Every structure is written in structure tokens, then in C-alpha cells.
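For reference, the structure is listed below as C-alpha cells.
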Amino acid sequence: MKILKFGGTSVGSAARIKGLLDIVDPNERQIVVLSAVSGTTNALVEIGQAFLNGDKQLAKQLIITHKDKYEELIKELFATEEGLKKGKELIDHHFHVIESLANNDIFTPTEEKIILAQGELMSTALWHFHLEEIGVASVLLPALEFMKIDEDNEPIIDHIKQRLSPFLNDNTDNKLFITQGFICRNSFGEIDNLRRGGSDYTASLIGAALGADEVQIWTDIDGMHNNDPRIVTNTSPIAHLSFDEAAELAYFGAKILHPQSVFPAQRYNVPVRLLNTMDPGAHGTLISKAGSEKGIIRAIAAKDGITAIHIHSSRMLLAYGFLRKVFEIFERYKTPIDMITTSEVAVSLSIDDTSNLLEIIKEVEVFGKVGVDEGQTIVCVVGDFGANTHGYAARVLDAVKHLPIRMISYGGSDYNVSILLDTKHKVEALRSLHNRLF
Ligand code: ASP
Ligand code: MG
């Protein structure tokens with residue numbers, strides 16, 4: 001069984017929705033995971049924000065504008081009276097759910113998540129109804145009945161397996177299953193989601209839960225590139241990555257893949273292929289267990305919006321337990337740390353979630369002098385640099401020797417060399433590394 005995921009642009013218009021059958025073979029048993037129609041989730045976020053700000057007028061206006069787009073879409077998508085009627089009932093229903101929240105006196109993040117879920121619910125049903133209209137059998141699987149996260153927002157793979165398998169077993173004659181990316185239930189049973197871009201994660205979680213043969217992520221470019229194509233010219237797609245390399249790249253900024261989506265695939269050893277809807281025959285990028293060649297620099301990626309925190313403390317000198325105390329503070333505020341460097345009397349670390357920065361700083365200040373640098377970028381060079389290789393760190397540093405560097409991290413894993421610098425130097429760093437390393 002294969003799991004195929006299509007993003008928002010792949011279902012971005014009636015023509016693209018119809019065109020899914022150019023890639024999906026309905027005679028092969030598979031689950032197709034869809035995102036919301038492109039632009040929808042952003043619009044729903046805006047609507048939710050308007051509600052949160054108590055601006056019902058703006059919310060209603062946004063709802064009308066957005067509903068108009070769907071009215072146009074169904075007119076183009078359905079050819080029969082019957083199909084159009086179903087499409088109309090569908091969008092009426094979902095926009096009614098959104099509107100009805102305007103009558104609530106309280107609007108909390110819980111209601112906001114209900115709004116966000118409507119996008120995927122619509123895109124999947126629209127395709128399902130279209131297939132029905134043209135006589136192609138498919139089964140629509142309700143993701144809200146099997147996708148689940150726990151109190152720490154961690155997906156529960158056993159639950160997914162347990163709840164999803166019966167749907168598949170009940171439909172042994174059917175080949176094509178369709179389900180919603182991104183949405184799930186949380187530990188309270190409320191509607192929740194896997195964070196922006198989460199449809200990739202859905203596909204990989206389902207692939208892991210079912211022990212699928214392969215997860216295919218279909219996008220509009222030819223796989224993961226060895227540098228950011230928006231910044232560097234002459235980048236090229238990477239044919240093969242190991243899970244570890246792909247995880248580092250997805251985490252450190254390669255926007256093509258949701259950062260967490262590699263882990264379930266890796267844990268359950270399900271290969272992931274990144275493929276291009278514009279060029280379906282192209283090789284794309286294969287992410288699998290089989291390691292790639294050793295000692296090869298694979299790719300460069302950058303992650304912006306990083307804040308560096310520097311803690312200088314003489315109490316750290318020769319003391320054990322110091323780092324634990326510092327880390328505990330970040331843990332309490334559920335703030336992940338990306339990079340760390342230490343000396344005998346100081347530690348620098350970087351975070352990207354600054355929602356609790358002030359509280360964190362206040363607590364860390366108990367340990368010593370604290371400095372904060374915002375607007376930083378992590379540039380990460382990924383490859384297989386096992387312990388017996390040599391020269392990679394030197395080559396990376398040599399390529400950025402004309403730039404001021406805030407932190408360097410090497411040896412944490414065999415797969416990356418990371419540097420932290422001011423975001424204003426990012427473009428130059430990416431270009432210089434590209435020219436010297438490839
Ligand atoms: N629709 C969601 C988003 O825009 C999930 C996804 O597209 O992967 O973030
Ligand atoms: Mg995406």
C-alpha cells in the first residue's frame with residue numbers, strides 16, 4: 001500500500017483537482033492525503049484572528065469573500081446538476097460551521113482550530129464527489145476519527161493504526177481511499193491540527209501506522225534541492241538522502257517537507273519520495289534508510305527567526321548540574337533548543353519559539369549575566385561526516401571566513417555542521433558555501 005500526499009496547489013483549482021487522476025491510478029490500493037485548497041488555511045487563520053479580536057464584522061466579510069471562491073470552484077468542478085448540488089451543499093455546510101461560531105460569546109483557540117479544520121474537510125470531499133460524478137470509486141476516510149495527538153502534541157501511532165485499520169478492512173473491494181491531512185483530535189477529544197504544513201506529517205504517520213511500502217509527497221518542485229533555490233542559482237535536486245540527513249534538512253529550513261514528518265517514516269522504515277506534479281516522471285528525492293555515500297556534502301539549508309541567548313556565569317566553572325538547571329527552565333516553558341555551545345564559564349543556545357522569552361530570561365538571569373541576540377539565522381550543511389572523515393568543518397568555515405559568526409556546532413550528529421549568524425549575512429553565506437562546497 002502506498003500513501004500519496006498532495007499539497008494545496010495540487011488541489012488549487014478545479015483543473016488541478018481533476019488533474020489528480022493524471023497521477024493517481026485509482027486501480028491501485030492507496031490512501032491519498034490532501035491539504036486544503038491553496039490559500040484556504042491562510043484565509044481561515046485570518047478569519048479566526050478576526051474572531052479572536054472580537055471583530056465579527058471583518059470575520060463575516062472575510063467569510064463571504066472566501067466562500068465566493070468556492071462557489072466559483074464548484075461551478076468549474078462539477079459537470080452535472082446532481083454533482084453541483086452536492087458541491088453546493090458541502091460548501092454551504094462548512095461555511096455555516098464557520099459562520100455559526102460568530103454567534104458564540106466566547107471564541108477561544110479551540111473554536112479557532114475548528115475553523116482551521118474546514119479547509120481539508122472541504123478539499124477531500126470535493127475530490128471525492130468529483131470522482132463519484134465521473135464514476136471512479138473512492139472511499140472518504142474521516143481523519144478526525146483516527147488521527148490523534150497526546151497532551152504533548154505527539155501523535156499516537158498505535159491509536160492511528162487501531163482506528164484506521166477497520167476502515168480499510170471494511171472496504172476490501174475498494175482501492176482508492178482519500179483522507180484529510182493536517183487535522184486530528186487532541187487528548188481532550190477536541191479538533192486540533194499538526195501545525196502549519198502538517199499534511200506531510202499526516203501522510204508519514206499513516207505510512208508508519210500501516211507499514212506502507214512508500215509515502216509519496218507530491219509538490220511543485222523536483223525534490224529537495226541542495227540549497228535554497230530562491231536565493232542561490234544553479235541548485236540541483238538531491239536524488240537520495242538518508243532519513244538522518246533528511247530530518248536535519250527538513251528541520252533546518254528546507255521548506256519542502258514538514259520538519260517532523262521524517263521521524264515516523266524513519267522509525268517504521270517507510271521510504272519517502274518527494275515528487276513533482278509538474279513532471280511526474282522525474283526521479284525526485286528518495287529518503288530511505290540506505291545511507292547515501294559517506295563523506296559527501298549533500299545540501300545547505302537555512303532557518304531564520306532564531307534568537308541566541310548567551311549566559312555567562314562564574315558559577316558554571318567546574319560545577320556539575322549547571323546545564324541541567326538551565327535546560328529545565330526551557331523545558332518548563334516547552335521551548336525547544338536548537339543549537340548549544342559551551343565554554344567553561346558560559347553557554348550560548350538558540351531557540352526559535354520566543355513566545356516565553358521574557359519569562360525564560362528572567363529565570364535564567366539567576367545564574368549569571370544574560371545577553372540576547374534576535375534576528376539570527378542557522379545555516380546548516382548536511383552530509384554524512386562520520387567520525388573518520390576529515391576536513392569538512394574546515395571547508396565550511398573557510399567558505400564563511402569573511403562573515404561574523406555567532407555560534408558553531410559540529411559533532412552533535414554525524415550529519416551536520418551548523419553555524420549561527422546575523423540574518424543580514426544569510427544570503428552571502430548560502431552563496432559562498434554553495435560556490436565553495438559544490
Ligand atoms: N493546510 C495546512 C496548511 O496550510 C496543512 C498543509 O497544507 O500541509 O498549513
Ligand atoms: Mg507543505
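The first residue in the sequence is number 1, and the count goes up from there. Order of listing sets the numbers, starting from 1, for every ligand and every atom in it. Quick caveat: nothing in here was measured; it's all calculated off a predicted structure.
Heavy atoms of H258 found under 4.0 angstrom from ligand 1: none, in either backbone or side chain.
Per-residue contacts place R196 under 4.0 angstrom from the following atoms of ligand 1 (heavy atoms of the residue considered): 3 (C), 4 (O), 9 (O). Every atom of ligand 1 is numbered from 1 in the order shown, and the set under 4.0 Å from a heavy atom of T41 is 1 (N), 2 (C), 3 (C), 4 (O).
Proximity of a side-chain donor or acceptor of T377 to a complementary backbone N or O of K426 within less than 3.5 Å is not detected. In this structure, the side chain of Q30 engages the main chain of E28 through a donor-acceptor pair within 3.5 Å. Between the side chain of T9 and the main chain of G12, no donor-acceptor pair closer than 3.5 Å is present. N186 places a side-chain N or O within 3.5 Å of a backbone atom of E190 that can act as its donor or acceptor partner.
Relative to the ring axis of Y251, K303 places its NZ or CZ within 45° and under 6.0 Å from the centre.
Residue G8 places no heavy atom under 4.0 Å from ligand 1. Ligand 1 is approached by G197 to a heavy-atom distance shorter than 4.0 Å.
Some N or O of S199 is nearer than 3.5 Å to an N or O of ligand 1, by distance alone. Considering backbone and side-chain N/O atoms, S35 comes within less than 3.5 Å of an N/O atom of ligand 1. Taking only nitrogen or oxygen atoms, main chain and side chain alike, E120 reaches within less than 3.5 Å of ligand 1.
Ring geometry, F95 versus H66: the interplanar angle falls from 30° to 60°, so the pair is classed tilted.
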